[in-house]
2 protein chains.
Amino acid sequence: MAFHKKEIFSQKEQNLAQFAKAISHPARIVILKVLAKQKECICGDIVEQLPLAQSTVSQHISELLSAGIINGTIDGPRSCYCINWKTIQKFSNEFGFLLNKLKATHEKTCCS
Amino acid sequence: MAFHKKEIFSQKEQNLAQFAKAISHPARIVILKVLAKQKECICGDIVEQLPLAQSTVSQHISELLSAGIINGTIDGPRSCYCINWKTIQKFSNEFGFLLNKLKATHEKTCCS
DNA sequence: TTTCATTATCGTATATTTGCGATATAAGAT
DNA sequence: ATCTTATATCGCAAATATACGATAATGAAA
């Protein structure tokens, strides 16, 4: 009797956690960096820049996709991805909000 | 033949990914919020604020601990935790740095 | 010393993630 | 029509995460 149980939490917390999870693997961070570096959409040169099999990279990509962090035009054999600015913006704000909340306790920490 | 393979990536990416992973569960986000709300260090009132068993909460806490996101004084039956401002600060910066990198591509997105 | 309350840890079950090779798919080239 | 190239998906194995109950440990109170 133990699996996710995440539905119990508020939507906001779930969303933030989900975003964090999406970027919680170095490979996916590298993918984002690669996409940020190339000005135009690139296809699978991502694979070349990672020490992982093509199928594994594809899997990481689809995780970023389903989290809405990147967009993709999968037309035929040549898929094209790029960063979804809107999502980045949204979570950048929410994350900053959380961090500011935490910062508010700065002066009062007692066990550090 | 397939497990983590995360050691291959740069330390910076690993660190950022690890931080993201640490906050990638709603329960852990709530724990941080609780710690932020209480001005002084609280002990296990965290458990009361979560719909999870005590042992599960303890597990989540120790994950935050080992990620260095919170500090703890575990003296006897009354453990006391608080946010580790230093770590929050560090990753706040690194995360902001990544986001700014991504933001730079804002104008040039082509498949959104 | 015994009891109590609080917290950490162990053991266990289930779910999810990570990774690969093999295979399917789909558009363009020959 | 067939071949090639790029990419997604399937199937599988191993690792990790999530959750719980039970138990251990530890300091305070009786």
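In what follows, chains carry the letters A, B, and so on, assigned in the order in which the sequence lines appear, proteins first and then strands, with residues in each chain numbered from 1.
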Could you go step by step and tell me if B:Leu50 and A:Ile8 meet the side-chain contact (heavy atoms from CB on, under 4.5 Å) rule? CA-CA 10 Å; B:Leu50 284 174; A:Ile8 292 171; over 6 Å; no
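- Residue B:Lys21 places none of its side-chain N or O atoms closer than 4.0 Å to OP1 or OP2 of D:dT16.
- Not one side-chain nitrogen or oxygen of A:Arg78 sits closer than 4.0 Å to the OP1 or OP2 atom of C:dA26.
- For A:Thr56, counting side-chain heavy atoms from C-beta on, the closest listed nucleotide (C:dA8, C:dC20, D:dC20) is C:dC20.
- At whole-Å resolution of the value, NE2 in A:His25 and P in C:dT16 are 18 Å apart.
- Among the protein residues, B:Ile61 comes within range of no part of the nucleic acid, since none of its heavy atoms lies under 4.0 Å from any strand.
- A donor-acceptor contact under 3.5 Å is not formed by the side chain of B:Glu63 with the base of D:dA17.
- Between B:Phe95 and A:Phe19, the ring planes lie perpendicular to each other; the angle is over 60°, past the 30° to 60° tilted range.
- Here A:Ser55 lies in heavy-atom contact (under 4.0 Å) with a base.
- For the pair A:Pro77 and A:Gln59, nearest-nucleotide mapping onto DNA chain C gives the more 5' position to A:Gln59.
- The distance from atom CG of A:Leu64 to atom C1' of D:dA8 is 15 Å, rounded to the nearest whole Å.
- One N or O on the side chain of B:Ser24 and one on the backbone of B:Lys21 form a donor-acceptor pair closer than 3.5 Å.
- Taking atom CD on B:Gln18 and atom P on C:dT17, their separation rounds to 18 Å, with Å as the unit.
- Residue whose closest nucleotide on DNA chain D sits further toward the 5' end, between A:Val47 and A:Phe9: A:Val47.
- Note: CZ (B:Arg28) to C1' (D:dA19) measures 12 Å, nearest angstrom.
- Closest to the side chain of B:Ser79, out of C:dG19, C:dT7, D:dA8, is C:dT7.
- A straight line from OH of B:Tyr81 to P of C:dT6 spans 15 Å, rounded to a whole angstrom.
- Of the possible polar contacts, one joining the B:Arg28 side chain to the B:Ala22 backbone as a donor-acceptor pair under 3.5 Å is found.
- Look at B:Ser58 and you'll find a side-chain N or O under 4.0 angstrom from OP1 or OP2 of C:dA8.
- Both B:Asp45 and A:Ser24 sit near DNA chain C, but only B:Asp45 has its closest nucleotide nearer the 5' end.
- With contacts defined as side-chain heavy-atom distances shorter than 4.5 Å, the pair A:Lys90/A:Glu94 qualifies.
- Counting atom types as modelled, B:Gln54 pairs a side-chain N or O with a base atom of C:dA8 as donor and acceptor under 3.5 Å.
- Closest approach to the B:Leu52 side chain among D:dT18, C:dG21, D:dC20 is made by D:dC20 (side chain taken as heavy atoms from C-beta onward).
- Rounding to whole angstrom units, CD1 of residue A:Ile8 and C1' of D:dC20 are separated by 13 Å.
- Note on B:His60: every side-chain N or O is 4.0 Å or more away from OP1 and OP2 of D:dA17.
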